[in-house]
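What follows is one structure encoded as C-alpha cells, with my remarks underneath.
We count residues from 1, following the sequence as given. The basis for the numbers below is simple: all heavy atoms, side chains too, and nothing from hydrogens, waters or symmetry mates.
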Amino acid sequence: MKDAVGVLPAGITGHLVFRCYSCYRYVRTAMGKVHRAHYQNRGPPVFDVNSKLATAIHHSGIGPTQANNFLTTLNLPFVSSFLFQKRSQEVSDTFQKVAQSSIDMALQKEVEMTIYGDTAGHVGLGCKTDTPQLAATESADHCQEGPLMGDTAGHVGQGYCNSVASAPDIHIPGIVASADGAYQKRGSGKCHNSLSGTATLIGKNTGKVVAATSRSKRCRICSVAKKRRVTPRKHKCVRNWTGSAKSMEADMVVDMLKTVKEKDATVVTLIGDDDTTGFQRAREEVFKEMEKVSDSNHVKKNISNQLFKLKEKYKEMSVKIINALIKSFGYMLAQSKGSVDLIQDNVESVVHHQFGVHDKCGAWCRMKTDGSRKHKNLPWGADLKNEHLKEDILKIFKKLDVQKLSKLDSTNPNESFNNILRSKAPKDKHYSESVSLQNRLAAAINEDLRLSPGNATTMCARLRDKDVARKRDVCKTKKFKLRRLQLKSDRGLETRSAEVREGDTYSSDIMDGTKELDTRRIPEIGTEPKFVYFDVETTGLARTSSITQISAVCGEVVFNEFATPKEPVSDEAEAVTGISFDFHSNQMTQHGVEKEHKHTMNTRKHVLILNTVSAAD
C-alpha cells in the first residue's frame, strides 16, 4: 500500500491507483466486485455496490439528494446524479421483471387455493417442485447474474402461464380479489389533480398482489424536449394517461381485471369502495356476471360523514355520540353478516339503542337483558333524549341498502399495501415523471430483491421477519386489543381535559374579533393534597337550574365568580342569595349591587376552575 498514490472515485467506491517506480506507469485496481450491465457492450465494468445503491434508494424510499446527504454526513464520497441515473436504468428492468414474477406466482397460488383450498401448495398445477415459491427460487438460481439478474430474469415470470398450459384440464373457477387505488399526491380528498396514481388487485385467499399498474400524465424527457422545441431522444416514455385524475382509478381497475383474465383467472367477485365507476366498466368490458362487494370501512365512513353534518343542527351531536353509533352499527353487522332479514330487522335498532329502546336489539346489546347497565360510549352513560335528532338519524340508516350490507368485506390489504408504497414513494416527492415511480411500485411488490446477500443483509432480514411475526401474533390477542382501546380512551380523555383547561386556542378565524377570548389557563392538579372549600349558588333547586355564583377558599387564596344564568332566578333563590338577573338588560345584581358576570361555561370547566385556587400558591 505504500506505493498507492490515491483513489479514483467511482460512486461510493473507486479504484486504488498505484505507481510503478520501474516503468513509471500508473495502475489502478478495483476496490470491490464488478460486473457488466446487461445493456453494456464496452467500457469499464460497473461496481456491484453502486448497483446495490440504486436498488437501496428505491427500496428505502429516498432519492439521490437524501442519499448524498446521508453519505456526506458519514464523510463518504458524493455520488453524481449521472451515476444514480445510469445505475437506476440498470436495475429498472430487473425491478419490473422480478415484480412481475412475484405477481405471477401470487396469482398462481391464488388460483390453486381457490381450487384446492389450503392444500394448494402440494399440488403445484404442473410445477416440478412442491411449491411455487421453490419453483421461483430454482428458476432464479439459473438466471441470476452478478449482483442483480440480467436479461434472463424475464424467464422467471413465465412460470404461471407455462404451468397452467402444461397442467391437465382443470376447471379454474373465478377468484375473489380486492381492488383499490392511490394518488401520488397528498390532499384532503376534495382536490383531484394528481399527476399520477397506482392501483393494486390483491387475492382474497393469499393476501398477495395478483395485479398492479400505474398511470402518469407527464414524462420529464418529453416535457424538456417540448420546451426546447426539439425531438425527444429515444427513451422509455412513462406517460400513459391523458385523462383526468378522477378517471385514473376506474381505468386501472379495468386494466388489471383484463390482465388477470388473459391469464385464465377471471375475477368473479370484486371487493372495493363505492367511489369509482370501475366496477360498472368492469362488468361491461371484462365479465358481465361479476359481483360487487362493498368495503365495510368505506360504508362506515360514509355514514359517519352524514352524521357529522347533523352537528351543525344539533349541538349535542358530539363526536362521542357519532362513534357510539358507528360502533353499534359494526356490532350489528358482525352478528348479522350474510342475513338480509336480520340486518333489515336490526338496522334501526342501532339508533333506538342510543335512545334507550332495546326491544329490537340483537345479541350485541347487553342492556336488553340487564336494565341496570349504562352506556359505555355515550356521554355520562345516559340515553339520548332529543326526538328530532332521533328522526334525522333514522333517516340516514333507513336509506342504507341492506342487500349490500349483508355481504360487506374489506380492502384493508390494499390500504396496507398503499402504506408500504407510500414509504417507498413518499407523496411529498415527485417521482412520476420518470420510471422511478414504477420501480418503487415494483419494490413494494417484490418479495425478493435478487441481491447477492451479505451477512449484514441476511441478519437484518432475519431479525425483521422475526419481529414482524411476533407483532402479528400479539396483535391478534384479546389483551392487545383491549389495551389499544384503553390507550385510545386515555388519550381522548387527556386531550379533552387539556382543551377545557386551556380554553379556545386554535380554530378558524379565532382572531376575527367577534368572540371574546379568555386566555387564562387553568393549572393542572398539584401533587400535594390541599383542602378547598367551595360553594355554588343556583337559580333554584330544579335539575335544570343554572349556576349563578361559584366561590372557593384555599388557605389565604379566595376565588369568586358570577356566571350568566340560562334560567330565570326563582323568588326563593333570590331571597336566600340576594342575586337577581334581568335578561332584557343582561344585568346581574346582588343585594342591589351590580356584579360582573361571564357567559355560562360547561359544568366540567366550572369544576376545573377550582384548581386555580389549589395551585395558585
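A distance of 10.0 Å separates OG of Ser580 from NE2 of His591, quoted to the nearest 0.5 Å. In this structure, CD1 on Ile393 lies 7.5 Å from CD1 on Ile321, to the nearest 0.5 angstrom. If you take CG on Leu257 and CZ on Arg281, they are separated by 10.5 Å, rounding to the nearest 0.5 Å. Atoms NZ and OG, from Lys429 and Ser436 in turn, are 12.0 Å apart once rounded to the nearest 0.5 Å.
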Problem set entry | Verdict with reasoning, Asp428 to Lys185, per salt bridge (charged side-chain N to carboxylate O under 4.0 Å, His left out) | CA-CA 7 Å; Asp428 60 340; Lys185 179 180 180 179; over 6 Å; no
Exercise. Step by step, would you call Glu316 with Lys385 a salt bridge (charged side-chain N to carboxylate O under 4.0 Å, His left out)?
Worked result: CA-CA 10 Å; Glu316 64 265 36; Lys385 302 296 183 181; over 6 Å; no
Problem set entry | Test side-chain hydrogen bond (donor to acceptor under 3.5 Å, both in side chains) applied to Ser585 and Asp582, step by step | CA-CA 6 Å; Ser585 61; Asp582 187 355; 3.2 Å; yes
For this session: Test side chain to side chain contact (heavy atoms under 4.5 Å, CB included) on Leu307 and Ile326 and set out the steps.
Result: CA-CA 10 Å; Leu307 293 174; Ile326 297 300; 4.2 Å; yes
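Contact annotation: the side chain of Arg422 never approaches that of Gln184 to less than 4.5 Å [non-hydrogen atoms, C-beta and beyond]. Side-chain contact check for Leu378 versus Phe355: every heavy-atom pair is 4.5 Å or farther apart. By the 4.5 Å heavy-atom criterion applied to side chains, Arg484 and Phe480 are counted as neighbours. Put simply, the side chain of Met248 reaches to within 4.5 Å of the side chain of Trp241, judged on heavy atoms. When side chains are defined from C-beta on, Asp274 counts as touching Lys404, because their heavy atoms get closer than 4.5 Å. Leu437 is listed as a side-chain neighbour of Ser196, based on a closest heavy-atom distance under 4.5 Å.
For Asn414, the side-chain hydrogen bond (donor to acceptor under 3.5 Å, both in side chains) criterion is met by Ser178, Thr200, not counting sequence neighbours. Partners of Asn586 by side-chain contact (heavy atoms from CB on, under 4.5 Å), not counting sequence neighbours, listed by chain and number: Thr564, Phe581, His597. Take Arg366 and apply the side-chain contact (heavy atoms from CB on, under 4.5 Å) test, not counting sequence neighbours, and it matches Arg373. Residues that satisfy the side-chain contact (heavy atoms from CB on, under 4.5 Å) test with Pro413, not counting sequence neighbours, are Ile202. By the ring-ring contact (aromatic ring centres under 6.0 Å, His included) test, His358 is found to be paired with His353, residues two or more places apart in sequence or in another chain being considered. Lys320 is linked by a side-chain hydrogen bond (donor to acceptor under 3.5 Å, both in side chains) to nothing, counting only residues two or more places apart in sequence or in another chain. For Thr276, the side-chain contact (heavy atoms from CB on, under 4.5 Å) partners are Glu249, Ala250, Asp273, not counting sequence neighbours. With sequence neighbours excluded, the residues forming a side-chain hydrogen bond (donor to acceptor under 3.5 Å, both in side chains) with Lys424 are His59, listed by chain and number. For Lys311, the salt bridge (charged side-chain N to carboxylate O under 4.0 Å, His left out) criterion is met by no residue, not counting sequence neighbours. Shown here are the side-chain hydrogen bond (donor to acceptor under 3.5 Å, both in side chains) partners of Thr411, two or more places apart in sequence or in another chain: Asp295. Listed by chain and residue number, nothing satisfies the salt bridge (charged side-chain N to carboxylate O under 4.0 Å, His left out) test with Lys368 (two or more places apart in sequence, or in another chain).
A donor and an acceptor atom, one from each side chain of Gln486 and Asp490, are located under 3.5 Å apart. A donor-acceptor contact under 3.5 angstrom links the side chains of Gln587 and Glu594, judged on distance only. Ser410 and Asn412 are linked by a side-chain donor-acceptor pair at a separation below 3.5 angstrom, with hydrogens and angles left out of the test. Checked by atom type, the side-chain pair Thr213/Arg215 shows a donor-acceptor distance below 3.5 Å. A donor and an acceptor atom, one from each side chain of Gln354 and Asp383, are nowhere located under 3.5 Å apart. For the residue pair Arg501 and Ser497, a side-chain donor N or O sits within less than 3.5 Å of a side-chain acceptor on the partner.
Residue-environment remark: CG (Leu541) stays at or below the threshold of 12 foreign heavy atoms within 6.0 Å. In the displayed structure, Lys360 atom NZ is contacted under 6.0 Å by at most 12 heavy atoms of other residues, nucleotides or ligands. More than 12 heavy-atom neighbours from other residues, nucleotides or ligands sit within 6.0 angstrom of NZ on Lys217. With a 6.0 Å radius and a threshold of 12 heavy atoms from other residues, nucleotides or ligands, Lys246 has its NZ atom at or below the threshold. The 12-atom threshold is exceeded at CZ of Phe308, counting heavy atoms of other residues, nucleotides or ligands nearer than 6.0 Å.
In this structure, Thr73 contributes its side chain and Asn69 its backbone to a donor-acceptor pair below 3.5 Å. At least one donor-acceptor pair closer than 3.5 Å links the side chain of Thr477 to the backbone N or O of Val474. When atom types are taken as modelled, the side chain of Ser336 and the backbone of Ser339 share no donor-acceptor pair closer than 3.5 angstrom. Side chain of Ser423 to backbone of Ile420: a donor-acceptor contact under 3.5 angstrom is found. Formation of a donor-acceptor pair under 3.5 Å by the Asp251 side chain with backbone atoms of Ser247 is not found in this model. Judged by distance alone, the side chain of Ser546 and the main-chain N or O of Lys566 form a donor-acceptor pair under 3.5 Å. In this structure a side-chain-to-backbone donor-acceptor pair under 3.5 Å is present from Arg283 to Met290. Judged by distance alone, the side chain of Thr548 and the main-chain N or O of Glu537 form a donor-acceptor pair under 3.5 Å. The backbone N or O of Ala573 sits less than 3.5 Å from a side-chain atom of Ser570, completing a donor-acceptor pair. Side-chain atoms of Glu391 never come within 3.5 Å of backbone atoms of His388 as a donor-acceptor pair (strictly under, hydrogens ignored).
In this structure, Pro568 and Thr539 approach most closely via the heavy-atom pair O-CB, 3.6 Å. Residue Phe531 comes nearest to Cys554 through the heavy atom pair O-SG, 3.5 Å, listed as atom of the first residue, atom of the second, then distance. Taking all atoms of both residues into account, the shortest heavy-atom contact from Ala245 to Ser194 is CB-O, 3.5 Å. Shortest non-hydrogen contact noted between Val402 and Ile343 is CG1-CG2, 4.0 Å. Of all heavy-atom pairs between Ile62 and Arg440, the closest is O-NH2, 2.8 Å. Here the shortest heavy-atom pairing between Lys407 and Val293 reads O-CG1, 2.6 Å.
Screening residues 310-339 for ring pair (Phe, Tyr, Trp, His ring centres under 6.0 Å), with sequence neighbours left out, gives Phe329-Phe397.
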